[in-house]
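First comes the structure, then the notes that go with it.
Just so you know, these numbers use all the heavy atoms, side chains as well, and skip hydrogens, waters and symmetry mates. None of the values given here were measured: they were computed from a predicted structure. Lettering of chains follows the sequences in order, A, B, ..., and the numbering in each one begins at 1.
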2 protein chains.
Amino acid sequence: MTRIATLSESRDSCHNCRLRTLCLPDNLPKDDIGKLEGIVQRRKPVSRGDYLFQAGQRFNSIYAVRTGAVKTSTLMANGDEHISGFHLPGEVIGLDAIVSRDHPSSAIALETASICEIPYAELETLSDHTPSLQHRLMRIMSRELLAEQSTNHLLSRRSAEQRLAVVLLKFSERFAERGLSALRFRLPMSRLDLGNYLGLVPETMSRTFRRLEEQGLVGIAGKEIEIVDSGAMRALAFGAEGSQVARA
Amino acid sequence: MTRIATLSESRDSCHNCRLRTLCLPDNLPKDDIGKLEGIVQRRKPVSRGDYLFQAGQRFNSIYAVRTGAVKTSTLMANGDEHISGFHLPGEVIGLDAIVSRDHPSSAIALETASICEIPYAELETLSDHTPSLQHRLMRIMSRELLAEQSTNHLLSRRSAEQRLAVVLLKFSERFAERGLSALRFRLPMSRLDLGNYLGLVPETMSRTFRRLEEQGLVGIAGKEIEIVDSGAMRALAFGAEGSQVARA
DNA sequence: CGTACTGTTGATGCAATTCAAGGTTTGTGG
DNA sequence: CCACAAACCTTGAATTGCATCAACAGTACG
């Protein structure tokens with residue numbers, strides 16, 4: 001039951017993973033983390049453009065991002081790609097496949113990434129008699145649901161400037177949660193991909209980035225982003241007047 | 001363990017509920033349905049406009065729609081309502097609140113509705129030693145995730161006509177799943193609400209409905225909808241050369 | 001060290017919003 | 001059952017924000 005950690009296990013273990021508070025192990029008792037570790041497979045790093053899985057492929061595992069970044073996308077009837085999300089370290093991918101036999105979307109590495117694979121059958125068996133893990137899974141699903149809702153929200157009747165402001169602030173938050181700077185970061189995806197996600201064409205992305213820069217809200221250098229006036233950004237992103245933090 | 005069903009229990013029980021294959025009891029062994037029934041609270045019907053719960057309120061229960069229809073919505077920073085979904089009999093509401101202590105959105109009856117309330121703490125305790133229920137919950141969450149994704153998809157770069165066609169076809173499907181006609185049905189929400197959900201202004205809704213009717217795709221009489229040419233509807237909704245994106 | 005991908009800029013067109021006003025349905029109390 | 005208010009829905013005209021088209025400049029990389 002209690003496994004003796006070898007040196008290499010220790011370096012890679014969920015116990016010591018910097019991301020454990022975001023990922024599956026959060027709130028699990030030490031014993032249960034050990035059990036989880038028993039079924040997690042750490043695969044060799046994937047490179048930019050590699051598929052973790054493809055749409056239509058049989059669902060076997062869910063995946064947790066350890067380093068790097070991943071996008072998930074579906075192919076629409078006319079052959080166009082629709083990007084449904086970007087996934088940073090600590091996030092779990094593939095949960096939308098549990099209900100059917102097959103993955104509804106593809107997952108593609110945006111840059112070199114290391115990934116943990118968790119075979120779902122084994123995870124299910126383990127959680128059958130591990131309430132803490134079960135509760136954690138429900139909470140993660142609920143979190144994903146919230147994230148999707150907020151994306152809906154984002155796409156519904158907002159201007160290009162607002163969409164970009166919202167998404168930049170959201171990335172800022174997500175980087176901060178991972179111990180990185182909230183004010184200076186590097187977007188892992190192309191403008192094309194970000195535009196696709198936001199429902200905007202690349203030309204509009206370019207012009208909108210420029211407008212935010214001209215207004216002194218952000219600094220842009222390729223994929224490097226600096227949030228210059230986060231108050232004004234928040235005001236632009238969420239509603240007409242005043243940054244939302246202004247009210248008690 | 002095995003409960004003797006009284007007459008009134010029998011009429012209202014999950015065992016006999018017409019919706020059990022859509023709702024929580026699906027795929028559960030008889031015994032486990034019995035256990036589930038032990039914690040389900042059937043409340044007196046709510047009327048149009050009544051809240052099941054309000055955004056910000058403490059999360060205690062999830063809710064299943066038995067009859068009628070419900071919308072969920074959030075209030076945006078500027079005071080506007082944003083409708084995040086419409087819920088028909090057999091669907092479960094409130095799953096987005098599991099991760100936090102509070103409901104992120106409000107649930108409001110669109111018409112007289114009867115609702116089953118399931119206290120979440122009890123559901124969690126029960127599922128701790130009821131794998132079938134646990135698996136069912138995960139599958140329902142996964143289904144919700146898919147539904148949200150398809151809403152994102154819908155809002156991302158599609159014309160008003162396409163959005164309306166997609167949403168009408170989706171309602172058609174959902175009514176059919178519930179044993180109602182797929183070709184003639186009554187939308188439970190106002191055009192205002194449907195427009196809000198689709199990210200369209202009421203004027204646009206009105207014009208778009210009319211255009212679909214003029215093209216002979218649907219028949220419209222207030223909230224009564226008839227799908228006249230479902231092939232053409234599908235072509236418009238998911239099809240190749242609708243209006244916007246026609247490339248090689 | 002060129003080929004393909006990604007990003008930028010300007011000119012033009014169009015779909016959906018906005019503004020304005022009138023019509024219709026729904027619900028409520030007398 | 002009617003009267004009346006409050007929603008809800010429709011129609012037309014003017015406006016605008018984003019897409020499209022076209023051309024070109026970086027940049028990444030085999």
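- Regarding R186(B), its CZ atom lies at a distance of 13 Å from the C1' atom of dT25(C), rounded to whole Å.
- Distance CG (L164(A)) to C1' (dC18(D)): 14 Å, rounded to an integer number of Å.
- Ring-plane geometry between F86(B) and F171(B) is classed as tilted, the angle between the planes lying from 30 to 60 degrees on a 0 to 90 degree scale.
- If you measure from atom CZ of R158(B) to atom P of dA15(C), you get 17 Å, rounded to the nearest angstrom.
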Fill in: Check against salt bridge (Lys or Arg N to Asp or Glu O under 4.0 Å), E111(B) and K223(B)
CA-CA 13 Å; E111(B) 57 194 18; K223(B) 288 175 175 162; over 6 Å; no
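- Between E224(B) atom CD and dT26(C) atom P there is a gap of 11 Å when expressed in whole angstrom units.
- Note on T208(B): nothing from the nucleic acid sits closer than 4.0 angstrom, heavy atoms only.
- Side chains of R210(A) and S206(A): no donor on one and acceptor on the other come within 3.5 Å.
- Between the CD1 atom in I93(B) and the CD atom in E117(B) there is a gap of 12.0 Å [rounded to 0.5 Å].
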Name the pairs: protein N/O against N/O of nucleotides 6-12 of chain C, kept only if under 3.5 Å.
unit_1	atom_1	unit_2	atom_2	d
dG7(C)	OP1	R191(A)	N	3.0
dG7(C)	OP2	R191(A)	N	3.0
dG7(C)	OP2	L192(A)	N	3.1
dT8(C)	OP2	S206(A)	OG	3.2
dT8(C)	O5'	S206(A)	OG	3.2
dT9(C)	OP2	R210(A)	NE	2.9
dG10(C)	N7	R207(A)	NH1	2.9
dG10(C)	O6	R207(A)	NH2	3.3

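- Taking side-chain N and O atoms only, R157(A) has a distance below 4.0 Å to OP1 or OP2 of dT18(C).
- Annotation: salt bridge (charged side-chain N to carboxylate O under 4.0 Å, His left out) contacts involving residues 82-92 of chain A, sequence neighbours excluded, comprise E91(A)-R174(A), E91(A)-R178(A).
- Rounded to whole Å, atom C1' of dC5(C) lies 16 Å from atom CG of N196(A).
- A straight line from CG of L198(A) to P of dG17(D) spans 18 Å, rounded to a whole angstrom.
- One atom, CD of Q162(A), and another, P of dC18(D), lie 9 Å apart when rounded to the nearest Å.
- The residue G199(A) sits close only to the backbone: its heavy atoms come under 4.0 Å of sugar-phosphate atoms, none of a base.
- Using a 30° and 60° split on the angle between ring planes, F53(B) and H103(B) fall in the parallel class, below 30°.
- Atom CG of L212(B) is separated from atom P of dA15(C) by 15 Å (rounded to the nearest Å).
- Remark: the Q149(A) side chain and the S84(B) side chain contain no N/O donor-acceptor pair separated by less than 3.5 Å.
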